[in-house]
Amino acid sequence: MKRVVLVTGASSGFGRLTVEALADRGHRVFAGLRDVRGRNAKAAAELTAYSPDLTVVELDVTDQAAADRAVAAVLDDAGRLDAVVNNAGMIFAGPVEAFTDQEAARQLDVNVLGALRVSRAALPQLRRQRSGVLIQIGSIAGRVTVPFSGLYAASKAALGSLTEAWRHELAPFGVESVVVEAAPYPTSIGANGAFPADAERMEPYGAALGGFVAAITTRSAEHGGDAREVSDAVVALVETADGERPPRVVVAPPVQVAALGSLSQAAEETARIVAGDMGVGAFM
């Protein structure tokens, strides 16, 4: 079945791979990019030429009005919206102490509030249709936090919590919510990442941070994986029949998939027990 899909952060990385893969499958795809006449003009032109089923829309996820306009443009063109892929994101890497509150706010603004804004713009239509799915591109960092990724991990954990809330709250309207928990893959997010600007606060952590970066770089070179595994997972979710999508999909090496699967199973059971004891189990 041909779906109408809006993907945020589609200029590169998982977003770029996802819109191209969806178009290849014959879906009607809207690629959300910011600054399409400036820094992303080249990407916008390439995507426009890629497929007649792919349309670029201006979308800055840090602006609610821009999110509203983008969703309105999709509806004006296609008349409906079946899936929103909240992919736009960035990463601040480094010791938590070294980040200013402004830097922390920027991390959360893009990764968390960005998904909230776009979903807020789209949900009235999805509820009217009584169908549709929100797909968040999360991270295994949202479940397992390693050093020097505290801000990024916090943003992805928050995104996972939003996904869980949407899953319960939207179920009566026939709308689903899923988070794709991806392992680190070779995309542009790392190259476009940011370190703390406060060099004085960074200095005591220098040796440890250097060792951490060297270790994770070596491991990534050995087991880098193919980022298309993530876009393939998103395409599969878009094409899955309504009502049959899982709440979480882990895209990672087998050892991590198994470990996080056990964690998710335990979390689901814990949620049922706690919600039942709170007297709100019927709302889960």
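Along the sequence shown, residues are numbered consecutively beginning with 1.
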Closest non-hydrogen atoms of Val36 and Glu58, given as atom of the first, atom of the second and distance, are CG2-OE1, 2.8 Å
*Side chains of Val238 and Leu22 in contact at under 4.5 Å (non-hydrogen atoms)*: yes
| query | Hey, quick one: are Ile140 and Leu151 part of the same hydrophobic cluster, counting side-chain heavy atoms closer than 4.5 Å, chains of contacts allowed? | reply | no
Rounding to 0.5 Å, atoms OG (Ser149) and CD1 (Ile91) come to a distance of 7.0 Å
Note: Gly9 and Asn87 closest approach over all heavy atoms is O-ND2, 2.9 Å
Correct closest heavy-atom pair for Ala67 and Ala121 would be O-CB, 3.7 Å
_Assigning hydrophobic clusters by single linkage (Ile, Leu, Val, Met, Phe, Trp, Tyr; side-chain heavy-atom cutoff under 4.5 Å), is Val84 placed with Val112?_
yes
ask   = Is any side-chain heavy atom of Asn86 less than 4.5 Å from a side-chain heavy atom of Ser119?
value = yes
message = Would you say that Val179 contacts Glu164 through its side chain, given a criterion of any heavy-atom pair below 4.5 Å between the two side chains?
response = no
- Is the NZ or CZ atom of Arg130 positioned over Phe173's six-membered ring, under 6.0 angstrom from the centre and within 45° of the axis? no
Taken to the nearest 0.5 Å, the spacing of Arg245 CZ from Glu239 CD works out to 10.0 Å
With a 4.5 Å limit on heavy-atom distance, are the side chains of Arg28 and Asp77 in contact? yes
Exercise for the section: Please lay out, stage by stage, how Asp198 and Thr100 fare under the test side-chain hydrogen bond (donor to acceptor under 3.5 Å, both in side chains). Expected result: CA-CA 8 Å; Asp198 191 334; Thr100 64; over 6 Å; no
Output for pair (Arg39 CZ, Ser11 OG), nearest 0.5 Å, gives 7.0 Å
For residues 270-284, the side chain to side chain donor-acceptor pair (under 3.5 Å) pairs (sequence neighbours left out) are Glu269-Arg272
*May I ask whether Val175 and Val118 are part of the same hydrophobic cluster, defined by side-chain heavy atoms of I, L, V, M, F, W, Y residues being less than 4.5 angstrom apart, directly or through others?*
yes
Between Val57 and Ala70 the two heavy atoms that sit nearest each other are CG2-CB, 4.4 Å
Give a yes or no on whether a salt bridge exists between Arg248 and Glu181, defined as a side-chain N under 4.0 angstrom from a carboxylate O.
yes
Nearest heavy-atom contact between Val96 and Gly150 is CG2-CA, 3.9 Å
The reported gap from OG1 in Thr55 to CG in Leu6 (rounded to nearest 0.5 angstrom) is 11.0 Å
So, are Asp82 and Arg80 salt-bridged, with charged N and O less than 4.0 Å apart?
yes
query = Is any side-chain heavy atom of Leu108 less than 4.5 Å from a side-chain heavy atom of Leu113?
reply = no
So the salt bridge (charged side-chain N to carboxylate O under 4.0 Å, His left out) pairs with at least one residue in residues 87-116 (sequence neighbours excluded) are Glu97-Arg201, Asp109-Arg117
Interatomic distance, CZ@Phe92 vs CZ@Phe195, rounded to 0.5 Å, equals 11.5 Å
Ser155 meets the side chain to side chain donor-acceptor pair (under 3.5 Å) criterion, sequence neighbours left out, with Asn111
For Leu54 and Ala31 the tightest heavy-atom approach is CD2-CB, 3.8 Å
Tracing side-chain contacts under 4.5 Å among Ile, Leu, Val, Met, Phe, Trp and Tyr outward from Val255 reaches none
Across all chains, not counting sequence neighbours, the salt bridge (Lys or Arg N to Asp or Glu O under 4.0 Å) partners of Asp24 are none
| message | Could you see if Phe99 belongs to whatever hydrophobic cluster contains Tyr205? Use Ile, Leu, Val, Met, Phe, Trp, Tyr and a side-chain cutoff under 4.5 Å. | response | no
- prompt: Shared ILVMFWY cluster between Ile273 and Val280, side chains joined below 4.5 angstrom?
  reply: no
Output for pair (Leu116 CG, Gln136 CD), nearest 0.5 Å, gives 10.0 Å
The complete set of side chain to side chain donor-acceptor pair (under 3.5 Å) pairs with one or both residues in residues 258-267, sequence neighbours excluded, reads Arg143-Ser264
Within the structure provided, determine whether Arg167 and Glu176 are in side-chain contact (heavy-atom separation under 4.5 Å). no
With sequence neighbours left out, the residues meeting salt bridge (Lys or Arg N to Asp or Glu O under 4.0 Å) with Arg128 are none
Arg228 meets the side chain to side chain donor-acceptor pair (under 3.5 Å) criterion, sequence neighbours left out, with Asp226
Point to revise | Donor + acceptor pair across side chains of Tyr185, Glu229 (<3.5 Å) | key: yes
The side chain to side chain donor-acceptor pair (under 3.5 Å) partners of Thr8 (sequence neighbours excluded) come to none
Given the options Asp60, Val7, Leu59, Leu47, Leu33 meets side chain to side chain contact (heavy atoms under 4.5 Å, CB included) only with Leu47
Contacts of Arg3 meeting salt bridge (Lys or Arg N to Asp or Glu O under 4.0 Å) (sequence neighbours excluded), chain-then-number -> Asp242
Contacts of Asp63 meeting side chain to side chain donor-acceptor pair (under 3.5 Å) (sequence neighbours excluded), chain-then-number -> none
Are His168 and Phe283 packed together at the side-chain level, in the sense that at least one heavy-atom pair is separated by less than 4.5 angstrom? no
Sequence neighbours excluded, the answer for salt bridge (Lys or Arg N to Asp or Glu O under 4.0 Å) partners of Arg16 is Glu20, Glu46
| said: Are the side chains of Leu81 and Val5 in contact, using a 4.5 Å heavy-atom criterion? | reply: no
